[in-house]
Amino acid sequence: MVRHPDTPMTGGPAVFRSRLRSVRLTALLGIALGVTFGICFLTGLVSHLVQHPPGWFRWPSRPVGLYRFTQGLHVVTGLATVPLLGAKLWSVYPRLFTWPPIRSIAHAAERVSVAVLVAAALFQVVGGVLNIARWYAPMPFFFTAGHYWVAWLAAGALLVHIGVQLPVVRAALAGPAPEPEPDAMSRRRLLGGVAAAAGLITLTTAGQTVRPLSGLAVLAPRRPDIGPQGVPVNKTADHAGVRTLALSPSYRLVVTGPTGRTTLDLAALQNLAQYTAELPIACVEGWSATGRWSGVRLRDLVALVGGDPERASVEVESLEPAGRYRASAVAPPHVRDPLTLVALRLNGEPLHLDHGYPARLIAPNRPGVLQTKWLTRIAVGEPG
Ligand SMILES: Nc1nc2c(c(=O)[nH]1)N[C@H]1C(S)=C(S)[C@@H](COP(=O)(O)O)O[C@H]1N2
Ligand SMILES: [Mo]
């Protein structure tokens with residue numbers, strides 16, 4: 001049996017002598033974690049770029065459900081990481097107590113990189129779970145920014161770790177399967193248990209975005225079918241402080257552009273050509289739900305104030321007086337897409353107040369945070 005050189009074979013506390021631990025077990029868990037972490041990192045990076053696009057970044061408006069898929073995958077792989085990371089830490093924690101604690105500069109550097117990796121991985125997984133549970137109290141910082149920067153820290157530490165451990169993993173997995181040993185069965189059972197736990201978590205949470213699994217989504221923070229008009233609500237009108245303004249007869253949507261400005265009340269919006277699009281709300285938290293939205297094409301409003309519907313970019317603004325998601329930018333691919341609507345109706349009814357009444361943005365392949373509700377201003381920019 002291969003044991004890691006650091007694992008105390010004798011003299012250590014009896015609790016460390018579980019014969020379930022082996023380098024092979026740790027290596028297999030490490031490979032599984034590398035896969036879930038890698039997918040989670042890349043899909044997270046996509047989500048960050050879509051929300052904070054640098055100049056070189058172009059995000060298309062099709063396929064309609066691409067972001068729904070990448071962000072669903074981000075949350076699913078992040079959740080599957082929980083049991084894998086737990087088992088992996090259990091399989092190696094005796095090494096924390098190796099003696100002497102530092103053997104060489106290289107050994108010290110490796111231990112520091114592992115410490116960074118463990119801390120960063122726990123921060124990501126715990127923070128991510130708290131975020132989808134919408135429990136922000138334990139996180140006295142802006143979650144999204146912390147989650148993004150620590151992801152890079154974790155990815156860097158992981159690369160170092162893989163570089164250092166690759167030969168060990170190769171040796172542990174090379175050649176024929178290890179000799180059957182007295183406890184081989186129970187070790188296989190342990191791996192099976194970890195895989196089953198990861199599978200169960202996936203199965204009971206993926207329903208928040210994979211509609212056919214919604215009946216099984218008992219562990220998901222959201223169900224895609226519970227909420228007014230059959231769609232979940234992220235922030236309510238009362239929470240956003242917009243109830244009075246949104247219900248007021250003096251509500252207006254102001255559209256400004258190269259040739260001037262137009263002020264539209266709800267009746268005027270309803271008198272423009274109406275279109276219907278079936279589009280998902282795909283929240284960064286990993287839940288998503290499809291709705292049938294009707295309203296005015298954004299490109300038609302752009303044309304109304306002299307903008308070029310093919311090339312313009314747009315800034316939309318909410319009645320919400322403050323808050324991170326009160327405004328958003330719409331880039332040309334989404335402005336020109338005929339499916340991008342200023343929606344007035346959802347699933348055959350006037351928009352529910354909590355879904356953005358009187359008017360909200362809904363665009364294909366766009367994160368939920370950018371589907372601005374309670375619109376009051378649309379500013380059409382010159383083509384850049
Ligand atoms: N003005 C405003 N619009 C907003 C938000 C907000 O907080 N304020 N939240 C966004 C988020 S995070 C999501 S996921 C969607 C959810 O839309 P829904 O509540 O209609 O499902 O609205 C988006 N639009
Ligand atoms: Mo969201």
Side-chain angles (χ1 to χ4, degrees), residues 43-44 46-48 50-52 65 67-68 70-72 74-75 128 130-136 142-144 147 208-209 211 214 220-247 251 253 277-295 298 314-330 334 340-379:
T43 48
V46 164
S47 183
H48 178 86
V50 174
Q51 290 175 69
H52 312 278
Y67 182 81
R68 173 189 219 170
T70 62
Q71 194 62 12
H74 179 72
V75 172
L130 290 176
N131 188 62
I132 62 172
R134 323 190 88 235
W135 186 23
Y136 304 113
F142 178 39
F143 166 76
T144 308
H147 200 57
Q208 65 175 339
T209 190
R211 196 62 192 253
S214 73
R222 297 299 187 93
R223 291 277 299 272
D225 45 1
I226 293 179
Q229 302 176 320
V231 177
V233 165
N234 173 267
K235 191 193 254 178
T236 64
D238 286 329
H239 203 113
V242 299
R243 174 181 288 271
T244 313
L245 289 172
L247 294 175
Y251 166 83
L253 177 66
E278 199 147 306
L279 293 173
I281 294 274
C283 182
V284 293
E285 292 156 19
W287 62 267
S288 71
T290 301
R292 218 175 64 254
W293 311 86
S294 307
L298 181 61
V314 162
E315 170 89 17
V316 299
E317 217 177 284
S318 170
L319 291 169
E320 199 181 345
R324 256 172 225 287
Y325 308 127
R326 63 175 300 281
S328 67
V330 191
H334 292 83
T340 299
L341 301 179
V342 170
L344 311 175
R345 302 175 68 80
L346 169 56
N347 291 336
E349 299 169 6
L351 273 184
H352 188 282
L353 184 59
D354 291 337
H355 283 308
Y357 176 89
R360 69 98 48 88
L361 184 80
I362 185 80
N365 193 25
R366 191 167 159 91
V369 284
L370 302 180
Q371 310 279 33
T372 311
K373 303 195 276 194
W374 313 293
L375 292 185
T376 190
R377 220 175 73 86
I378 295 179

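Along the sequence shown, residues are numbered consecutively beginning with 1. Both counts, for ligands and for their atoms, begin at 1 and track the order of listing.
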Asks: Where's the contact between Arg360 and ligand 1, heavy-atom distance under 4.0 Å: side chain, backbone, both or neither?
Replies: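 Looking at Arg360 and ligand 1, just side chain atoms fall under 4.0 Å.
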Asks: Donor-acceptor pair, Thr340 side chain versus Leu298 backbone, under 3.5 Å?
Replies: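 Between the backbone of Leu298 and the side chain of Thr340 there is no qualifying donor-acceptor contact (under 3.5 Å).
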Asks: Mind checking ring pair (Phe, Tyr, Trp, His ring centres under 6.0 Å) for His52 and listing every partner two or more places apart, or none if nothing turns up?
Replies: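 With neighbours one apart ignored, the set is His48.
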Asks: How far is atom 10 (C) of ligand 1 from its nearest protein heavy atom, and which residue and atom name does that atom have?
Replies: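 Answer, as residue, atom name and distance: Gly368 O, 3.5 Å.
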Asks: For ligand 1, note which part of Pro232 has a heavy atom under 4.0 Å away: side chain, backbone, both or neither.
Replies: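 Looking at Pro232 and ligand 1, just backbone atoms fall under 4.0 Å.
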Asks: What are the atoms of ligand 1, with element, lying closer than 4.0 Å to any heavy atom of Lys235?
Replies: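 Those atoms are 7 (O).
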Asks: Quick check on contacts: which atoms of ligand 1 are under 4.0 angstrom from a heavy atom of Cys283?
Replies: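 Result: 14 (S).
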Asks: Do Thr372 and Ser318 meet the criterion of a side-chain donor-acceptor pair at a distance under 3.5 Å?
Replies: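 Distance-only check fails for Thr372 and Ser318.
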Asks: What atoms in ligand 1 come closer than 4.0 Å to a heavy atom of Val369?
Replies: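 That gives atoms 10 (C), 11 (C), 12 (S) of ligand 1.
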Asks: Counting only nitrogen or oxygen atoms and a 3.5 angstrom limit, does Ser318 reach ligand 1?
Replies: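 Indeed, backbone or side chain, Ser318 has an N or O that close.
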Asks: Evaluate Leu130 against Phe143 for side chain to side chain contact (heavy atoms under 4.5 Å, CB included), listing each step before the verdict.
Replies: CA-CA 10 Å; Leu130 290 176; Phe143 166 76; over 6 Å; no
Asks: Could you work out, with side chain to side chain donor-acceptor pair (under 3.5 Å) as the rule, every residue matching Arg360, not counting sequence neighbours?
Replies: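 Once residues adjacent in sequence are excluded, Arg360 has no partner under the side chain to side chain donor-acceptor pair (under 3.5 Å) criterion.
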Asks: Taking His355 for the side chain and Val231 for the main chain, is one N or O donor matched with an acceptor at less than 3.5 Å?
Replies: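 Present.
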Asks: Classify the side-chain pair Thr290/Arg211 by whether it contains a donor and acceptor separated by less than 3.5 Å.
Replies: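 Judged by distance alone, the side chains do not pair up.
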Asks: What protein heavy atom sits nearest atom 5 (C) of ligand 1, and how far off is it?
Replies: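 The protein heavy atom lying closest is Tyr325 CB, 3.9 Å.
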Asks: Which protein heavy atom lies closest to atom 9 (N) of ligand 1, and at what distance to 0.1 Å?
Replies: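 Scanning the protein heavy atoms, the shortest distance from atom 9 (N) of ligand 1 goes to Asn234 OD1, 3.2 Å.
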Asks: Is the closest N or O pair between Glu320 and ligand 1 shorter than 3.5 Å?
Replies: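 There is such a contact, yes.
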Asks: Can you find an N/O atom of Lys373 closer than 3.5 Å to an N/O atom of ligand 1?
Replies: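 N/O-N/O distance below 3.5 Å exists for this pair.
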Asks: Of all the non-hydrogen atoms in the protein, which one sits nearest to atom 24 (N) of ligand 1, and at what distance?
Replies: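 Protein heavy atom with the smallest distance to atom 24 (N) of ligand 1: Gln371 O, 2.9 Å.
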Asks: Would you mind checking which non-hydrogen protein atom is closest to atom 20 (O) of ligand 1, with the distance to 0.1 Å?
Replies: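 For atom 20 (O) of ligand 1, the nearest protein heavy atom comes out as His355 ND1, 2.6 Å.
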Asks: Start with the C-alpha gap between Leu361 and Leu370, add the side-chain angles, then the distance that decides, and say whether side chain to side chain contact (heavy atoms under 4.5 Å, CB included) holds.
Replies: CA-CA 8 Å; Leu361 184 80; Leu370 302 180; over 6 Å; no
Asks: Is the closest basic N to carboxylate O distance between Glu317 and Arg377 below 4.0 Å?
Replies: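 Between Arg377 and Glu317 there is a salt bridge, with a charged N closer than 4.0 Å to a carboxylate O.
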